[in-house]
Trainee: 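Can you read through this structure? Questions will come right after.
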Amino acid sequence: MEGIHTRDWLCSINIWLPQQLSREDQELLRAAHEAAAKAYAPYSNFQVGGAVRLADGVIVTGSNQENMAYPSGMCGERVAVFAARAQHPGQSMKTLAIVSPSMQAISEAFMPCGGCRQVLVEAERRQGTPLRILLQVRDEEVMESESALNLIPFAFEAHGLGQAPSENQ
Ligand code: THU
């Protein structure tokens with residue numbers, strides 16, 4: 001049985017071998033790995049690193065930061081994106097690389113959590129240009145999405161709260 005309307009979500013991603021990527025992208029993945037090595041994840045032992053390439057080429061990184069009061073911690077990719085906006089408010093974000101060197105991520109693949117996807121979508125809406133995502137899903141595979149919106153069907157958007165103001169960069 002069908003409802004009164006149906007909606008489809010088309011999600012298109014590419015999977016690359018790391019060596020197929022441009023030197024810039026490989027550099028960004030390396031920066032994300034270096035960031036992951038600085039994670040503070042004593043509770044989960046699941047380290048995540050993020051590296052954002054800004055429009056001017058600058059790279060800003062972040063890693064997950066946990067806390068004994070568990071919900072007070074923060075994901076690695078969100079730390080990177082928040083740091084990029086906090087330190088370079090005038091620059092749009094071109095590409096975000098996300099990696100995890102943890103054994104679970106390498107063996108089972110790893111995708112960003114829903115909360116992070118929501119944050120990535122707002123960064124994209126705010127800057128008015130796509131935020132490309134590179135995700136090292138396994139040791140030998142890098143997933144590429146041309147836009148963050150690709151990763152979160154029907155993301156939260158409440159017009160009553162106001163839309164993400166465009167920064168027209
Ligand atoms: N984590 C991230 O950093 N990014 C995600 O997208 C999912 C989970 C972190 C949060 C926590 O420190 C650890 O991984 C285990 O959940």
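Both ligands and their constituent atoms are indexed starting at 1 by order of listing.
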Trainee: Please could you name the atoms of ligand 1 that Glu66 approaches to less than 4.0 Å, counting only its heavy atoms?
Mentor: 11 (C), 12 (O), 13 (C)
Trainee: Ser44 heavy atoms, cut-off 4.0 Å: which ligand 1 atoms fall inside?
Mentor: 13 (C), 15 (C)
Trainee: Say you draw a straight line from SG of Cys75 to CZ of Arg117; how long is it, rounded to the nearest 0.5 Å?
Mentor: 11.0 Å
Trainee: Asn150 side chain to Ser12 main-chain N or O, any donor-acceptor pair under 3.5 Å?
Mentor: yes
Trainee: For Glu141 and Trp16, does a side-chain donor sit closer than 3.5 Å to a side-chain acceptor?
Mentor: no
Trainee: If you measure only the distance, is there a donor-acceptor pair under 3.5 Å linking the side chains of Gln47 and Ser100?
Mentor: no
Trainee: In the protein, what heavy atom is nearest to atom 9 (C) of ligand 1, and what distance, to one decimal place, separates them?
Mentor: Asn64 ND2, 3.5 Å
Trainee: Report yes if the side chains of Val58 and Gln91 come closer than 4.5 Å at any heavy-atom pair, otherwise no.
Mentor: no
Trainee: Would you say atom 16 (O) of ligand 1 touches the protein, meaning some protein heavy atom is under 4.0 Å from it?
Mentor: no
Trainee: Would you find a donor on one side and an acceptor on the other, under 3.5 Å apart, between the side chain of Glu144 and the backbone of Leu134?
Mentor: no
Trainee: Quick one: look up the protein heavy atom nearest atom 1 (N) of ligand 1 and list residue, atom name and how far away it is.
Mentor: Cys75 SG, 3.6 Å
Trainee: Which atoms of ligand 1 have any heavy atom of Gly76 under 4.0 Å away?
Mentor: 2 (C), 3 (O)
Trainee: Short list, please: which atoms of ligand 1 are under 4.0 Å from a heavy atom of Glu77?
Mentor: 2 (C), 3 (O), 4 (N), 5 (C), 6 (O)
Trainee: Please indicate whether any nitrogen or oxygen in Cys113 is less than 3.5 Å from any nitrogen or oxygen in ligand 1.
Mentor: yes
